[in-house]
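In the text below, chain A, chain B and the rest are named by the order of the sequence lines, each starting its count at 1.
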Amino acid sequence: MLDPKRLRANPQEVAGQLARRGYVLEVATFEKLESQRKTLQSETEALQAARNKASKEIGFAKGRGEDATPLFEQVENAKLKLAANESALSALQAEFDDFLARLPNIPHASVPDGKSEADNVELRRIGTPRAFDFPIKDHADLGEALGQMDFAAAAKITGSRFVVLRRDLARMHRALTQFMLDTHTLEHGYEELYVPYIVNADSLRGTGQLPKFREDLFGIQLADRDWALIPTAEVPVTNLLRDEIQDAAALPRKWVAHTPCFRSEAGSGGRDIKGMIRQHQFEKVELVWAVEPGKSCEAHEALVGHAEAILEKLDLPYRVVVLCTGDMGAGAAKTYDIEVWLPSQNTYREISSCSNFEDFQARRMMARYRDPTTKKNELLHTLNGSGLAVGRTLVAVLENYQRADGRIDVPMALQPYLGGMKVIG
RNA sequence: GGAGAGGUGGCAGAGUGGUCUAUUGCGGCAGUCUUGAAAACUGCUGAGUCGCAAGGCUCCGGGGGUUCGAAUCCCUCCCUCUCCGCCA
């Protein structure tokens, strides 16, 4: 959520910033809502003040044993007007809140302008894609040939965009998770969390999935509960901060959590239909930071470095791009994507997305800390990034480490997690 | 699932229709004293929002209701605790 004060003070300036990401802020609509609200609010509060005063006087009068009848009539008259005003005001405020809740974040000044993925800017490329001297296969063909990756079985059990893994591939998938968690907790100083995989609507509003992106979620229909399966651990983890005031000494908070993630993939029909790239259910190891406002840029660099460390240890070629204004998620002020090399697609594909939300999520969820110098409660900055998407990492290992005979070499860093196994198949 | 008890500021814990502008304690902050610290004493100390300000409004788990007036009464939902039952 944007700062309503800033929006009120400089609507044209905010509109200009949002235009960078292709969002049209309807300044006229906003100003009309705002002026209506202002009038109605001050009128309503004046009526409330009058009612409170009169009621108090009734109390005094009764205390003195006086007749309060004239006062009753006086209050009665104002009551109808007040009731009408209050309901009009709360309707207007709901409209205003919804308007605010749907606005995207303002892009950071360092984010390049652009309309789409094509305008993202590559920052660095690490590692060299391997030259194969045999016809390569994609991960789905490799996995199915091994008899350890079964899309048909998953389709029977549930439907498309799910997978069943068996034996060594299932084990390697689990090993990747352990390897990532160990690296982040032991080497990068993260606190490991286990969290719920189902969250309520307040949490989804806090991180920004609601009200705008309900169609991306798997909702839970249970009585009248508005719950959903988590689309990412970002939701339960970041919402730990909701309605809390952090002690400055506890900052930065650095959390890591491994969870499954569930996405409806509405609107992605036809894209990445084959294989494990785009599933309704996948595993992710997520990194979440909460920092003081002045420190989020350096935190962002550290965070992306921690995600990169996983790929470096696995010796997988990758590149880092900074997303342009038009390709960023709505809540992000700045996003780095890490893309891993996939030989079968002859290109780099997203395996991690690391975003700085600045105070956008913090304002929605009232996530604050007590500034020790000003002694005031200030909004935190929040960040998160995948470290990494486990399914896609498995895909990358299969494709980059494949052998001519269809077997898979196990990356050195992973061998200790597989009981010293050096090859799969 | 059944029965009961509860949800109040950072924490503990009063308040059961009207000076509640939410008592008090702990914690925190500032000061006095002190070489320094502790102790003692004094003062300040919930959040949000509108306003240049004075000041106003809202918030006692969520929502709704009764009333001139609700932390307090009623309805409903959520959560926590105790006991029983069931159970990974």
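- Per the geometry, CG belonging to A:D97 stands 12 Å off C1' belonging to B:G48, to the nearest Å.
- In this structure, the nucleotide among B:C50, B:G69, B:U21 sitting nearest to the side chain of A:R37 is B:C50.
- The partner of B:A40, taking Watson-Crick or G-U wobble pairs whose two distances both stay under 3.5 Å, is B:U32.
- Note on A:K53: every side-chain N or O is 4.0 Å or more away from OP1 and OP2 of B:G56.
- Taking a pair to require two hydrogen-bonding distances under 3.5 Å in either a Watson-Crick or a G-U wobble arrangement, B:A53 remains unpaired.
- Between the side chains of A:E399 and A:S344, at least one donor-acceptor pair of N or O atoms lies under 3.5 Å.
- Residues A:E339 and A:Y318 have side chains that never bring a donor and an acceptor to within less than 3.5 angstrom of each other.
- Taking the side chain of A:K5 as heavy atoms from C-beta on, and the options B:U21, B:C50, B:C68, the nearest nucleotide is B:C50.
- Checked against B:C50, B:G18, B:A47, the side chain of A:R8 finds its nearest nucleotide in B:C50.
- Across the P atoms, B:C74 and B:U82 are found 26 Å apart, a figure rounded to whole Å.
- Following rounding to the nearest Å, A:Q93 (CD) and B:G48 (P) show an atom-to-atom distance of 17 Å.
- The separation of B:U23 from B:U45, taken at their C1' atoms, amounts to 16 Å, rounded to a whole angstrom.
- Across the C1' atoms, B:U67 and B:G56 are found 23 Å apart, a figure rounded to whole Å.
- Within the 4.0 angstrom heavy-atom criterion, only backbone atoms of the sugar-phosphate kind lie near A:N52; the bases stay farther away.
- The nucleotide B:G6 finds its pairing partner in B:C79, both defining distances of the Watson-Crick or G-U wobble pair being shorter than 3.5 Å.
- Between A:D141 and A:K274, at least one side-chain N (NZ, or NE/NH1/NH2) sits under 4.0 Å from a carboxylate O, which counts as a salt bridge.
- To the nearest angstrom, P of B:U19 lies 13 Å from CD1 of A:I58.
- In this structure, A:N200 places its CG atom 12 Å from C1' of B:C79, rounding to the nearest Å.
- Rounded to a whole angstrom, the distance from the P atom of B:G17 to that of B:C73 is 8 Å.
- Comparing B:U21 with B:C60, their C1' atoms are spaced 15 Å from each other, to the whole Å.
- Between A:R37 and A:E34 there is a salt bridge, since at least one side-chain N of the basic residue sits less than 4.0 Å from a carboxylate O of the acidic one.
- With RNA chain B read from its 5' end, the first of the two nearest nucleotides for A:R51 and A:E57 is the one closest to A:E57.
- Comparing the same atom, P, in B:G10 and in B:A22 gives a spacing of 14 Å after rounding to whole Å.
- Look at A:R368 and you'll find a side-chain N or O under 4.0 angstrom from OP1 or OP2 of B:G48.
- B:G17 makes up no base pair with any nucleotide shown, lacking Watson-Crick or G-U wobble contacts both under 3.5 Å.
- Between A:E86 atom CD and B:G65 atom P the separation is 10 Å, expressed in whole Å.
- Taking atom CD1 on A:I245 and atom P on B:A47, their separation rounds to 7 Å, with Å as the unit.
- Nearest to the side chain of A:Q48, among B:U21, B:C57, B:C68, sits B:C57.
- B:A88: no Watson-Crick or G-U partner with both key distances under 3.5 Å is found in any strand.
- Here the C1' atom of nucleotide B:C77 and the CH2 atom of A:W227 are 13 Å apart, to the nearest Å.
- Take the nearest nucleotide of RNA chain B for A:E45 and for A:K38: the residue whose nucleotide is more 5' is A:K38.
- When Watson-Crick and G-U wobble pairs are counted only if both distances are under 3.5 Å, B:C73 pairs with B:G65.
- Among the protein residues, A:A49 comes within range of the sugar-phosphate backbone only, with heavy atoms under 4.0 Å from sugar or phosphate atoms but none that close to a base.
- Between B:A71 and B:G7, the distance separating the two C1' atoms is 12 Å to the nearest Å.
- Between B:C59 and B:U19, the distance separating the two P atoms is 16 Å to the nearest Å.
- Between the side chains of A:Q246 and A:R370, no donor-acceptor pair is found at a separation under 3.5 Å.
- Spacing between atom CG of A:D3 and atom C1' of B:G48 amounts to 14 Å, rounded to whole angstrom units.
- Applying the salt bridge (Lys or Arg N to Asp or Glu O under 4.0 Å) test to every pair with at least one member in residues 259-271 of chain A, sequence neighbours left out, gives these pairs: A:E265-A:R278.
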Throw together a table of side-chain donor-acceptor distances under 3.5 angstrom for residues 86-97 of chain A, partners on residues two or more places apart or in other chains.
from  : atom 1 : to    : atom 2 : distance (Å)
A:E86 : OE2    : A:Q48 : NE2    : 2.8
A:S87 : OG     : A:A84 : O      : 3.2
A:S90 : OG     : A:S87 : O      : 3.3

